[in-house]
Number of protein chains: 2
Amino acid sequence: MTSHPDLTKNQTLVLKTLDKAEAPLSAYTILDRLRDDGFRAPLQVYRALGKLQEFGLVHRLESINAFVACCQPHGHRHEMTAFAICRTCGKVDEFSDTAVEERLGEWVRAHRFKPAKTTIEISGDCADCTAHDPG
Amino acid sequence: MTSHPDLTKNQTLVLKTLDKAEAPLSAYTILDRLRDDGFRAPLQVYRALGKLQEFGLVHRLESINAFVACCQPHGHRHEMTAFAICRTCGKVDEFSDTAVEERLGEWVRAHRFKPAKTTIEISGDCADCTAHDPG
DNA sequence: AATCGGAATGTAATACCATAACATTTCCAA
DNA sequence: TTGGAAATGTTATGGTATTACATTCCGATT
Ligand SMILES: [Zn+2]
Ligand SMILES: [Zn+2]
Ligand SMILES: [Zn+2]
Ligand SMILES: [Zn+2]
């Protein structure tokens with residue numbers, strides 16, 4: 001469930017589009033799916049996506065230039081969320097791992113590095129797709 | 001040191017450009033720096049970068065659409081290399097952590113996920129830049 | 001030496017991703 | 001009521017990456 005009290009009209013439309021989608025969507029794909037709702041320009045999508053990311057309701061997948069709705073309960077921590085992305089069907093699993101978080105935290109402390117955003121994305125093939133096509 | 005026996009002319013030029021650079025470079029920046037060497041089109045750069053990535057001599061930083069020369073000895077493992085990227089000066093630290101690798105490995109095993117490429121990038125500010133600008 | 005074929009290269013065109021700049025509207029608090 | 005911040009609409013532009021096709025390079029084979 002990904003509702004939010006203070007979403008604007010455009011933000012709501014974009015979030016609903018991502019919720020309905022079975023796979024990550026590019027900003028331009030979202031734009032196309034919202035033409036009938038009055039969307040005309042990429043910036044309408046990017047602005048909504050920006051706010052939704054601030055709220056923690058949407059994540060950007062850096063390795064594929066696409067966006068997904070957060071599947072976790074609203075308000076969950078996002079400091080070090082990891083994503084497993086299926087190249088075949090597009091399914092995305094979002095997960096966190098305390099040990100990974102701690103190890104990377106140790107590295108940045110040891111190197112006096114001040115982290116702002118951490119990206120962890122595993123691209124590959126999910127169990128279903130591997131089963132269907134045992135390549 | 002990042003020499004390689006079988007590099008072609010274009011691959012050598014691109015790798016040298018990345019070696020000389022103090023920060024990650026975009027493909028188009030590389031193109032500009034190689035105009036005098038006869039480079040004319042983006043594809044010349046992308047093709048060389050593709051091969052260099054295959055050889056493990058160059059890495060793509062997904063979160064900033066840029067490329068760096070590998071700083072590790074040639075032939076080192078790259079299954080789960082992590083990068084700390086300074087937003088201010090561009091310095092990149094490449095490192096590996098066995099524990100991180102194991103934890104992510106456990107997740108993929110548990111979920112029968114078949115990983116192809118893992119991206120770990122920490123964006124932030126390095127020690128030097130934090131010291132200079134204690135913000 | 002001639003020839004064959006795969007790899008690399010050259011070039012133009014196109015597709016895809018993201019933001020700048022500016023005008024207008026909405027909405028809420030003072 | 002009104003002032004101002006936030007959101008929206010619109011156009012133009014800039015940055016990133018690939019498709020498609022022609023050509024050249026180079027080593028293996030004959
Ligand atoms: Zn999330
Ligand atoms: Zn799949
Ligand atoms: Zn490396
Ligand atoms: Zn720095």
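Side chains included, hydrogens not; waters and symmetry mates left out as well; all remaining heavy atoms used. Not measured: the values here are computed from a predicted model. Chain letters run A, B, ... following the sequence lines, proteins first and then strands; every chain starts at 1.
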Donor-acceptor pair, distance only, cut-off 3.5 Å: does the side chain of A:Arg35 make one with the backbone of A:Arg40? yes
Any A:Thr8 side-chain nitrogen or oxygen under 4.0 Å from OP1 or OP2 of D:dT8: yes
To the side chain of A:Gln11, which of C:dT19, D:dT8, C:dT11 is closest? D:dT8
Respond yes when some side-chain nitrogen or oxygen of B:Lys51 is under 4.0 Å from OP1 or OP2 of C:dA8, and no when none is. yes
Ranking B:Arg60 and B:Arg47 by the position along DNA chain D of their nearest nucleotide, the one closer to 5' is B:Arg60
Quick one: B:Phe39 CZ to C:dA8 P, roughly how many Å, whole number? 14 Å
Any donor and acceptor pair, going by atom type alone, linking the side chain of B:Glu121 with main-chain N or O of B:Glu62 inside 3.5 Å? yes
Note the angle between the end axes of the helix from C:dA1-D:dT30 to C:dA30-D:dT1, five pairs defining each, rounded to 10 degrees. 30°
How are the rings of A:Tyr28 and A:Tyr46 set to each other: parallel, tilted or perpendicular (split at 30° and 60°)? perpendicular
Mind running side-chain contact (heavy atoms from CB on, under 4.5 Å) on A:Cys70 and A:His76 for me, showing each step along the way? CA-CA 10 Å; A:Cys70 178; A:His76 83 109; 3.1 Å; yes
Using 4.0 Å as the upper bound for N to carboxylate O, is an ion pair formed by A:Glu106 and A:Arg103? yes
Provide, to the nearest angstrom, the distance between the CG atom belonging to B:Leu52 and the P atom belonging to C:dA8. 11 Å
Are OP1 or OP2 of D:dT8 and a side-chain N or O of A:Gln44 less than 4.0 angstrom apart? no
I want to check one thing: is the phosphate of D:dA17, taken as OP1 and OP2, less than 4.0 Å away from some side-chain N or O of B:Tyr46? yes
Interatomic distance, A:Leu25 CG vs C:dA18 P [rounded to whole Å]: 13 Å
N or O in side chain of A:Ser26 less than 4.0 angstrom from C:dC17 OP1/OP2: yes
Per atom distances to the A:Ala41 side chain, the nearest of D:dT11, C:dT9, D:dT8 is D:dT11
Quick check: on DNA chain C, is the nucleotide nearest B:Asn65 upstream (toward 5') of the one nearest B:Arg40, or the reverse? Name the residue that is more 5'. B:Arg40
To the nearest angstrom, how far is A:Leu43 atom CG from C:dC17 atom P? 16 Å
Is any side-chain N or O of A:Tyr28 under 3.5 Å from a base N or O of C:dA15, one able to act as donor and the other as acceptor? no
Check the distance between D:dA5's C1' and A:Asp6's CG and give it to me in whole angstrom. 15 Å
Atom-to-atom span, CD1 of A:Ile30 to C1' of C:dC16 - whole angstrom: 14 Å
Nearest whole Å is fine: how far is C:dC17 P from A:Asp32 CG? 11 Å
Check the pair B:Leu61 / B:Val68 against side-chain contact (heavy atoms from CB on, under 4.5 Å), numbers first and verdict last. CA-CA 8 Å; B:Leu61 301 176; B:Val68 286; 4.0 Å; yes
Worked verdict on A:Leu49 versus A:Val58 for side-chain contact (heavy atoms from CB on, under 4.5 Å): CA-CA 7 Å; A:Leu49 285 171; A:Val58 160; 4.1 Å; yes
